[in-house]
Amino acid sequence: MYIYDSVQKTKREFVPQERGKVSLYVCGPTVYDNAHLGHAKSALVFDLLFRVLRANDYEVTYARNITDIDDKIIQKAQKSGKEIKEITDFYTNAFHHEMNKLGVIRPTIEPKATESLEAMFKLILKLLKDKHAYKTSHGDIYFDTSSDSQYLQLSHRFQDEDDKKQRVEGSLEKKNSADFALWKSVNDNSISFDSPFGKGRPGWHLECSAMIEKHLAKPDKKFAVDIHGGGADLLFPHHENEAAQTRCATNHELSAYWMHNGFVNIDGEKMSKSLGNSFFLKDALKVYDGEVLRFYLLSTHYRSNFNFNEEDLLNSKKRLDKIYRLKKRLFGLSFENVKTSFSDSLLEALSDDLNISASLALIDEMISHANETLDTAGKHKQLKLETLSNLAYIEEVLGFGVKNSYEYFQFGVDKQTKEKIQMLIKQRDEAKKARDFAASDALRHEILTYGVNLMDTLQGTFWEKI
RNA sequence: GGUGCCAUCGCCAAGUGGUAAGGCCGCAGCCUGCAAAGCUGCUAUCCCCAGUUCAAAUCUGGGUGGCACCUCCA
């Protein structure tokens, strides 16, 4: 398996620290609002990585955190008068529900910040003891970036001297402008946690380092985890800061490989609430089948920036449709797993830094070949078994084609409409039998007004939502 | 201003030194009562200029254009 390491900026062979075992940590959502398409993209990319690692016979421990301590959450709580937990539980549940619809497998561990406070205290105490952190007169604790000679090497940056002075003069008793809060003390009645340093709240960056130490890190290894992932924007400052804390507080580096997924734009513009084009996943899921979104969001290489637009989504759906039509052609056949060269090729493509394009090309070729053979030699049993196995493999590794074909093609059509369509199809079949093509075409026209396409096959007439 | 990324057919998009994958759209044909679906065939020399090389979309230099990050952010 090969992975592009966005810190070393090269694609290199993936070798885990422990033979056959992989630890993977991905920065998850802050649960103060609904998940948007960018969250979906990130979750999907690492879901694919998770699946591909497992298909390569690795035993994977995959942790994706839930940030449930955050200023935005607190603001929301104060404004709405709700309890913090009420808010974070709501959005955490919504997130899980939506991920489920996207076919995202639950990570092995989903640590929460609120459950990792002890691990955070431990890190802070160690950093204070070793003079990598300092306390201000207000009781805040900062990480001293000048105490880490390797600071900024992860994100390949250097410090701007002028900028540095300006910002430090500005406020906060910070030693260096880049110093970041490990602990923010709270003196009033707002929400806080008790700690060895008094009441306060942890800094965001600390959370991930602490969870990794608590759940994944092994003391005798050079790196805390094998792979650390997240959105491209997290490389700096979030990952830089995480890496610095871990490096200074423990005897290991944070991660052996770093993976960053590209951003999702909408119609060429960055998603943002101020622009009003923020596309919440829950809204997209009302209009599109979760798997269509999964397929579309995964259809471009994970490192590229992704430009979301409806036209591309619909084109992409046509490609997924082909998988389901083939599946439909083989409906009812008993499954029997057969080894094929296709699965090897597919895994090879995916194992090359998740080369999805090469994988989809292989899938399309497999589908065409299967359809061609089924057209000419419909009773080709071996081919049918192989094709079923291939489709099963695609389901397992890519999560495409996991639904029932008929349900897939009827997404978003209510029961009443379905019955109506069935009735019209029945009438049309009768007209066809009577060779009254004028009547049959008129009925087809009527059915079309429901946004439905008809297909006459040897097995009968089927319909698909367009 | 600093740092970095990208530029391949009308659209989406692989390939990163050995002579351009795949999908959508389009055209022709097979199949079909007609369609749809499916199948077959056809469609690009890779932003521009210069260089390195037997060989470059792929490496180097210079342009042009787009984008991201610079301490809220997947």
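Just so you know, these numbers come straight off a predicted model, no measurement behind them.
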Chemist: With a 4.0 Å heavy-atom cut-off, tell me which residues in residues 91-109 of chain A come close to RNA chain B, sorted by residue number.
Modeler: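 Going residue by residue through residues 91-109 of chain A, none turns out to have a heavy atom under 4.0 Å of RNA chain B.
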
Chemist: Taking any strand in view, what nucleotide pairs with rA68(B) in a Watson-Crick or G-U wobble way, both distances under 3.5 Å?
Modeler: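 In the structure as shown, rA68(B) has rU3(B) as its Watson-Crick or wobble partner.
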
Chemist: For Asp71(A) and rU71(B), give me the distance from atom CG to atom C1', rounded to whole Å.
Modeler: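 Value for this atom pair: 14 Å.
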
Chemist: Considering only atom P, compute the distance from rG10(B) to rU43(B) and round it to an integer number of Å.
Modeler: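 Approximately 15 Å lies between the P atom of rG10(B) and that of rU43(B).
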
Chemist: Could you check whether Thr30(A) and Asp70(A), counting side-chain N and O atoms only, form a donor-acceptor pair closer than 3.5 Å?
Modeler: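 No, no side-chain donor-acceptor pair sits under 3.5 Å.
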
Chemist: I'd like the P distance from rU64(B) over to rC72(B), given in whole Å.
Modeler: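 So the two P atoms sit 33 Å from each other.
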
Chemist: When you measure only distances, ignoring hydrogens and angles, does the side chain of Asp456(A) come within 3.5 Å of the base of rC34(B) through a donor and an acceptor?
Modeler: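 Flag set: donor-acceptor pair detected.
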
Chemist: For Asn261(A), give me all partners under side-chain hydrogen bond (donor to acceptor under 3.5 Å, both in side chains), at least two apart in sequence or on another chain.
Modeler: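 Only Ser42(A) meet the side-chain hydrogen bond (donor to acceptor under 3.5 Å, both in side chains) criterion with Asn261(A).
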
Chemist: Between Glu240(A) and Ser155(A), is there a side-chain donor-acceptor contact under 3.5 Å, judged purely by atom types and distance?
Modeler: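 A donor-acceptor contact under 3.5 Å links the two side chains.
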
Chemist: Donor-acceptor pair, Thr457(A) side chain versus Gly460(A) backbone, under 3.5 Å?
Modeler: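 Yes: the side chain of Thr457(A) pairs with the backbone of Gly460(A).
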
Chemist: For rG10(B), which nucleotide is its Watson-Crick or G-U wobble mate, given both distances must be under 3.5 Å?
Modeler: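 By the stated definition (distances under 3.5 Å), rC24(B) pairs with rG10(B).
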
Chemist: Of the listed nucleotides (rG15(B), rC34(B), rC70(B)), which one gets closest to any side-chain atom of Asn355(A)?
Modeler: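 Shortest atom-to-atom distance from the side chain points to rG15(B).
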
Chemist: Could you give the NE2-to-C1' distance, from His260(A) to rA74(B), as a whole number of Å?
Modeler: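 Nearest whole value for this atom pair: 10 Å.
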
Chemist: Heavy atoms only, 4.0 Å cut-off, all strands: where does Asp441(A) land among base, sugar-phosphate and nothing?
Modeler: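 Answer is base: heavy atoms of Asp441(A) come under 4.0 Å of a base.
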
Chemist: Nearest whole angstrom, please: distance from the C1' of rU71(B) to the OH of Tyr142(A).
Modeler: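 Nearest whole value for this atom pair: 11 Å.
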
Chemist: How about His228(A) and Ser255(A): does a side-chain donor come under 3.5 Å of a side-chain acceptor?
Modeler: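 No, no side-chain donor-acceptor pair sits under 3.5 Å.
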
Chemist: Taking OP1 and OP2 of rC5(B), is either one under 4.0 Å from a side-chain nitrogen or oxygen of Asn305(A)?
Modeler: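 Checking rC5(B) against Asn305(A), no side-chain N or O comes under 4.0 Å of OP1 or OP2.
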
Chemist: With respect to the side chain of Glu372(A), which nucleotide from rU40(B), rA74(B), rC11(B) is positioned closest?
Modeler: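 Nucleotide nearest to Glu372(A)'s side chain: rU40(B).
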
Chemist: Take atom CZ of Phe263(A) and atom P of rC69(B), then tell me their distance rounded to the nearest Å.
Modeler: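 My rounded result for the distance is 6 Å.
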
Chemist: Describe the nucleic acid contact of His205(A) in one word from base, sugar-phosphate, nothing, applying a heavy-atom distance below 4.0 Å.
Modeler: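 No contact.
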
Chemist: Across the strands shown, which category fits Phe437(A) at heavy-atom distances under 4.0 angstrom: base, sugar-phosphate, nothing?
Modeler: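 The answer is base, as Phe437(A) lies within the cut-off (heavy atoms under 4.0 Å) of a base atom.
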
Chemist: Classify Arg64(A) by what it touches in the nucleic acid, base, sugar-phosphate, or nothing, heavy-atom distance under 4.0 Å.
Modeler: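 No contact at all - Arg64(A) keeps every heavy atom at 4.0 Å or more from the nucleic acid.
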
Chemist: Which is more 5' along RNA chain B, the nucleotide nearest Ile367(A) or the one nearest His156(A)? Just name the residue.
Modeler: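 Per heavy-atom nearest nucleotide, the more 5' residue is His156(A).
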
Chemist: Can you measure Phe236(A) atom CZ to rG4(B) atom P for me and round it to whole angstrom units?
Modeler: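 In whole Å, rG4(B) P lies 14 Å from Phe236(A) CZ.
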
Chemist: Scan nucleotides 16-27 of chain B nucleotide by nucleotide, 5' to 3', and note B when protein non-hydrogen atoms come under 4.0 Å of the base, S if they reach only the sugar-phosphate, - if neither.
Modeler: -----BBSSS--

Chemist: Under 4.5 Å between any side-chain heavy atoms of Leu391(A) and Leu330(A), yes or no?
Modeler: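 Of all side-chain heavy-atom pairs linking Leu330(A) with Leu391(A), at least one is under 4.5 Å.
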
Chemist: Just to confirm, is there a sub-4.0 Å distance from OP1 or OP2 of rC39(B) to any side-chain nitrogen or oxygen of Asn371(A)?
Modeler: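 Yes, because at least one side-chain N or O of Asn371(A) sits under 4.0 Å from OP1 or OP2 of rC39(B).
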
Chemist: When you compare rG18(B) with rC24(B), how far apart are their P atoms, in angstrom units rounded to a whole number?
Modeler: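 Nearest-Å result for rG18(B) against rC24(B) at atom P: 28 Å.
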
Chemist: Is a donor-acceptor pair below 3.5 Å formed from side chain Ser177(A) to base rU71(B), judging by atom type as modelled?
Modeler: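 Flag set: donor-acceptor pair detected.
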
Chemist: Give one of base, sugar-phosphate or nothing for Val26(A), where a contact means two heavy atoms less than 4.0 Å apart.
Modeler: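 Touches nothing.
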
Chemist: What distance, rounded to whole Å, do you find between the two C1' atoms, one in rG38(B) and one in rU32(B)?
Modeler: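 It comes out at 11 Å once rounded to the nearest Å.
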
Chemist: Considering every strand and a 4.0 Å limit on heavy-atom distances, what is the contact class for Gly231(A): base, sugar-phosphate, or nothing?
Modeler: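 The residue Gly231(A) makes sugar-phosphate contact but no base contact.
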
Chemist: Going by the rule side-chain hydrogen bond (donor to acceptor under 3.5 Å, both in side chains), which residues pair with Asn307(A) if we only count those two or more places apart in sequence or in a different chain?
Modeler: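 With sequence neighbours excluded, Asn307(A) shows a side-chain hydrogen bond (donor to acceptor under 3.5 Å, both in side chains) to no residue whatsoever.
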
Chemist: Please name all residues satisfying ring pair (Phe, Tyr, Trp, His ring centres under 6.0 Å) with Phe14(A), sequence neighbours left out, ordered by chain then number.
Modeler: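 Partners of Phe14(A) by the ring pair (Phe, Tyr, Trp, His ring centres under 6.0 Å) criterion, ordered by chain and then number, come out as Tyr58(A), Tyr257(A).
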
Chemist: Keeping Lys328(A) on the side-chain end and Ile323(A) on the backbone end, is there a donor-acceptor pair under 3.5 Å?
Modeler: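 No: the side chain of Lys328(A) does not pair with the backbone of Ile323(A).
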
Chemist: Tyr296(A) vs Phe306(A), test: ring pair (Phe, Tyr, Trp, His ring centres under 6.0 Å). Steps then yes/no.
Modeler: CA-CA 10 Å; Tyr296(A) 177 49; Phe306(A) 191 92; 4.8 Å; yes

Chemist: According to side chain to side chain donor-acceptor pair (under 3.5 Å), does anything in residues 447-456 of chain A pair up with another residue at least two apart or in another chain? List the pairs.
Modeler: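 Listed once each, the pairs are Arg428(A)-Asp456(A), Lys432(A)-Asp456(A), Asp456(A)-Thr461(A).
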
Chemist: Using the C1' atoms only, state how far rU16(B) lies from rA56(B), rounded to an integer number of Å.
Modeler: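 One C1' to the other, the span is 10 Å.
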
Chemist: Taking any heavy-atom pair under 4.0 Å as a contact, classify Arg329(A): base, sugar-phosphate, or nothing.
Modeler: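 Arg329(A): backbone/sugar contact only, no base atoms under 4.0 Å.
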
Chemist: Can you tell me the distance, in whole Å, between the CG atom of Leu182(A) and the C1' atom of rU71(B)?
Modeler: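 Rounded to whole Å, this separation is 14 Å.
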
Chemist: Looking just at side-chain N and O atoms, do His96(A) and Glu110(A) make a donor-acceptor pair shorter than 3.5 Å?
Modeler: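 There is such a pair (donor and acceptor under 3.5 Å, judged by atom type) between the side chains of His96(A) and Glu110(A).
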
Chemist: Regarding Asn265(A), tell me which of base, sugar-phosphate or nothing describes its non-hydrogen contacts under 4.0 Å with the strands shown.
Modeler: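 The answer is nothing, as Asn265(A) stays clear of every strand by at least 4.0 Å.
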
Chemist: Using the C1' atoms only, state how far rU52(B) lies from rU60(B), rounded to an integer number of Å.
Modeler: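 Each nucleotide's C1' atom is 7 Å from the other's.
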
Chemist: Assign Leu234(A) to base, sugar-phosphate, or nothing according to its heavy-atom contacts below 4.0 angstrom with the strands shown.
Modeler: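 Contact class for Leu234(A): sugar-phosphate only.
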
Chemist: Specify the separation, in whole Å, of atom CG of Asn309(A) and atom C1' of rA13(B).
Modeler: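 Roughly 14 Å, once rounded to whole Å.
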
Chemist: Expressed in whole Å, how much space separates the P atoms belonging to rA13(B) and rA7(B)?
Modeler: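 To the nearest whole Å, 11 Å.
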
Chemist: For the backbone of Asp226(A) and the side chain of Ser23(A), can you confirm whether one donor and one acceptor N or O come within less than 3.5 Å of each other?
Modeler: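 Present.
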
Chemist: Please determine, for the side chain of Asp233(A), which listed nucleotide (rC69(B), rU71(B), rA14(B)) has the closest atom?
Modeler: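 Nearest to the side chain of Asp233(A) among the choices is rC69(B).
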
Chemist: Return the 5'-most residue of the pair Arg325(A), Ser42(A) with respect to RNA chain B, ranking by each residue's nearest nucleotide.
Modeler: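 It is Arg325(A) whose nearest nucleotide is closer to the 5' end.
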
Chemist: Nearest to the side chain of Ser440(A) - rG38(B), rG33(B), rC34(B)?
Modeler: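 The closest nucleotide is rG33(B).
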
Chemist: With rounding to the closest Å, how many angstrom separate the C1' atoms on rA21(B) and rU8(B)?
Modeler: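 Their C1' atoms lie roughly 12 Å apart.
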
